[in-house]
There are 2 protein chains.
Amino acid sequence: MVKSTAPTLEDVARLAGVSTASISRALNEPDKVAATTRQKIEKAIDTLGYTPNFGGRALASSRTNTVGAVIPSMANAMFASGLQAFQEALAVDGVTLLVATTGFDSEQEFRQIKSLVGQGADGLMLIGNDRPDKTWDFIDKRRVAHVVSWCNVSREGQYFAGFDNARAAGDAAERAMTLGHRRIAVISGQTLSNDRAKARRDGVHAAVARFGDGARITHEVEAPYLIDDAAAAFDQIMAQAEKPTVVLCANDALAAGAMMRAREIGISLPDEMSFVGFDDVGLARVITPALTTVRVPQIEMGRAAAQFLLAKIGGETDLSSTTFETEFILRESLKPPLVP
Amino acid sequence: MVKSTAPTLEDVARLAGVSTASISRALNEPDKVAATTRQKIEKAIDTLGYTPNFGGRALASSRTNTVGAVIPSMANAMFASGLQAFQEALAVDGVTLLVATTGFDSEQEFRQIKSLVGQGADGLMLIGNDRPDKTWDFIDKRRVAHVVSWCNVSREGQYFAGFDNARAAGDAAERAMTLGHRRIAVISGQTLSNDRAKARRDGVHAAVARFGDGARITHEVEAPYLIDDAAAAFDQIMAQAEKPTVVLCANDALAAGAMMRAREIGISLPDEMSFVGFDDVGLARVITPALTTVRVPQIEMGRAAAQFLLAKIGGETDLSSTTFETEFILRESLKPPLVP
DNA sequence: GTGAAAGCGCTAACAA
DNA sequence: TTGTTAGCGCTTTCAC
């Protein structure tokens, strides 16, 4: 686009009868400019409809007031409200958000990170801590301020704002077992370069082993994060000799998909089969039976990640990671098994 | 952040033993560079981990390779997949996406638009065509390339990539009436500076009037775009003397919320009351009864908006608006009324 | 308190 | 095909 219409600092300077330096000061450190000149300047800015050129400013100050978020997908409600909170917290400080998605692919994540850094992002919010060395190398080499979220691990000297996936998933499994379930199926998310999915799966395994008393995993399937994949995963579970009484799912969308399939093949819910999701997105409450799930502290994480990043960009060094609590939400989809 | 570590074009030039211009060319018009030098350059870029500096590039070329999308909310699945498609189509051309949200508030939309333009966005994707004059004035004054979506109207000389809200909603109403429904309640979206909500409402009104045969709207409520508001709206509908046999909702989330409330107060679905949503987001298929709704061409719109914007930014003038088709999706939540 | 002037990293004529 | 060079709009010393 031809920005021929955009007035520059020089235009303002001419109109106000001062130097460009004064205007820059008036904009960035108003105290250092005399009140009278400041007024002249403000008037000139107003009549010209001037807005600072981003490129010029970025070039001269090497600050962009932009941070990037790289998330797996926008098409999933999972990250939406956290991202929203992240954006709102940034907006308070006049920082804008660049969003990029990876489609759960680490190559694409690398590309997106490079692109965002090239765009001048002052900082980066990343989901999870599991990515190839070359990606971390790039981040380290460029000294990109960053924070990881949705997990509670980070590399040496780096920080996270997240929660304990393993514990949350293990806790959910334990609740199911306490209600009497012993034959447990697991629909896991894709664990390849996805530490959250891995942690959730491992958390379930550990909880089952710890519980003992005959509790076991009848079958475990990995499914991408989509409703349709869940149906296939559920079919696979039901193709096993030993059928489960409860299905633990890596997220609510998978649970909803699996439940839909279960009903299609004539299983009555929740009596004949229990389901547990993860995330507590909006649909968990509205499906029937309402989905038992784990609430993820999305908003808290988004806000904390923003504040952390702003502080780090601002040069603060006294920072620390935060682990937020998840909450087990018991709804109708989880009932004691009819036959133990 | 201190970008002291970021290598510059000059660093690459020194290492590769060529001029900065050649590198710039290798990056932007690879065909114009000899294969051998291009290889040297690529190697140098790799070893240094070089990424072009955004500010410098923007300043020199007055192109940022950035476009902005201003949407009402990210926390609603409604816009998610369209935005995803938009982003993916942009990524093909190396353009990154800036996202800002308005919370359905036109003042905030204005602020966000100014911010994105200040950031140097080459173009803008906006939802709907209904906004205050001052917002349009700003866009016109700055000559911002833009496209509106989710609607099929635009200002003189401007373009849209959308669908016909009125016709789609009217069509859904007609289907309900054809099935025998005569007493119709409407849960509309907020119509204040929201032409999509207005059009959907008006489309229903027109269809009901056209149908005749005693068809009428028993009550109409406006509800914000949230599940919880739908419950209150439904209560209000049921507080009227004349009860409806079908409730037409401005979107799926409202429908899901209203259905949840209906079930709470002992109405059996879909026998005693039918529901129709709009958007066909993921939850429409998984709730019980599955929601009859209108599929919105999200992905098509997102992709078209991106291609349109890229073309416009690229200076093409032979452009035209596109209206995509919606599709009525009949599921279990709409049945003929028991008592006519 | 204010102005002059030197870049920031890149692109795009123009020359070679 | 490649190199030289003049800016793009802004911030930031350094004088005054």
Side-chain angles (χ1 to χ4, degrees), chain A residues 1-41 44-45 48-66 117-122 142, chain B residues 1-42 44-45 48-66 94 117-120 122 142 315:
Chain A
M1 191 189 53
V2 185
K3 281 276 180 59
S4 58
T5 42
T8 73
L9 250 202
E10 210 166 342
D11 297 329
V12 183
R14 207 161 22 229
L15 183 62
V18 297
S19 73
T20 60
S22 291
I23 296 169
S24 176
R25 270 183 228 115
L27 251 30
N28 301 310
E29 311 154 296
D31 311 337
K32 299 199 160 184
V33 178
T36 53
T37 46
R38 198 167 56 221
Q39 269 153 24
K40 272 192 296 185
I41 290 171
I45 287 178
L48 266 66
Y50 168 81
T51 358
N53 173 292
F54 179 71
R57 182 171 261 184
L59 203 49
S61 67
S62 63
R63 277 268 266 136
T64 59
N65 282 315
T66 288
V117 171
Q119 295 274 329
D122 293 327
R142 297 297 292 265
Chain B
M1 192 188 51
V2 185
K3 279 279 180 58
S4 57
T5 42
T8 73
L9 250 202
E10 210 166 341
D11 298 328
V12 183
R14 207 162 19 231
L15 183 62
V18 297
S19 74
T20 60
S22 290
I23 297 169
S24 176
R25 273 190 293 259
L27 251 30
N28 301 310
E29 311 153 296
D31 311 335
K32 300 199 161 185
V33 178
T36 54
T37 45
R38 199 167 55 220
Q39 268 153 24
K40 273 192 296 185
I41 291 172
E42 274 162 12
I45 286 179
L48 267 69
Y50 168 80
T51 359
N53 174 292
F54 173 75
R57 183 173 258 185
L59 204 48
S61 67
S62 63
R63 277 265 264 133
T64 59
N65 283 315
T66 288
V117 171
Q119 295 275 328
D122 292 327
R142 297 298 291 264

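Note: hydrogens, waters and symmetry copies are ignored here, and every other heavy atom, side chains too, is used. Every value quoted in this text rests on a predicted model; they were computed, and no experiment measured them. The chains referred to below are lettered A, B, ... by the order of the sequence lines, with proteins before strands, and numbering in each begins at 1.
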query: Can a donor-acceptor pair under 3.5 Å be found between the side-chain atoms of Arg25(A) and the base atoms of dG3(C)?
result: yes

Please report the closest heavy-atom contact between [X] and [Y], naming both atoms and the distance.
X: Arg38(B); Y: Val33(B); result: NH1-O, 3.5 Å
X: Ile23(A); Y: Val18(A); result: CG1-CG2, 3.9 Å
X: Asn53(A); Y: Gly56(A); result: OD1-N, 2.8 Å
X: Ala16(B); Y: Ala44(B); result: CB-CB, 3.8 Å
X: Ala26(A); Y: Ile41(A); result: CB-CD1, 3.9 Å

Measuring from [X]:[atom1] to [Y]:[atom2], what's the distance to the nearest 0.5 Å?
X: Leu59(A); Y: Phe54(B); atom1: CG; atom2: CZ; result: 11.0 Å
X: Leu27(A); Y: Ile45(A); atom1: CG; atom2: CD1; result: 5.0 Å
X: Ser24(A); Y: Arg57(A); atom1: OG; atom2: CZ; result: 7.5 Å

[atom1] of [X] versus [atom2] of [N]: gap in Å, rounded?
X: Ile23(A); N: dT12(D); atom1: CD1; atom2: P; result: 15 Å
X: Arg14(A); N: dA4(C); atom1: CZ; atom2: P; result: 13 Å
X: Asn28(A); N: dT2(C); atom1: CG; atom2: C1'; result: 16 Å
X: Ile41(B); N: dG3(D); atom1: CD1; atom2: C1'; result: 12 Å
X: Glu10(A); N: dC10(D); atom1: CD; atom2: P; result: 9 Å
X: Arg38(A); N: dG1(C); atom1: CZ; atom2: C1'; result: 12 Å
X: Leu9(A); N: dT11(D); atom1: CG; atom2: P; result: 6 Å
X: Gln39(B); N: dT1(D); atom1: CD; atom2: C1'; result: 15 Å

- prompt: In degrees, rounded to 10°, what is the bend between the two ends of the helix from dG1(C)-dC16(D) to dA16(C)-dT1(D), using five pairs at each?
  reply: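 That helix has its two terminal axes inclined by roughly 30°.
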
message: Please classify the nucleic acid contact of Ser22(A) as base, sugar-phosphate, or nothing, using heavy-atom distances under 4.0 Å.
response: sugar-phosphate

task: Could you check whether Ala21(B) gets within reach of a base, just the sugar-phosphate, or nothing at all, counting any heavy atom under 4.0 Å?
output: base

Closest nucleotide among [options] to the [X] side chain:
X: Tyr50(B); options: dC10(C), dT11(D), dT2(D); answer: dC10(C)
X: Leu59(B); options: dC8(D), dC8(C), dT2(C); answer: dC8(D)
X: Ala60(B); options: dT11(C), dT2(C), dT2(D); answer: dT11(C)
X: Thr8(A); options: dG9(C), dT11(D), dC10(D); answer: dC10(D)

Is the distance from OP1 or OP2 of [N] to the nearest side-chain N or O of [X] less than 4.0 Å?
X: Asn53(A); N: dC8(D); answer: no
X: Thr37(B); N: dT2(D); answer: yes
X: Ser61(B); N: dT11(C); answer: no
X: Arg57(A); N: dT11(D); answer: yes

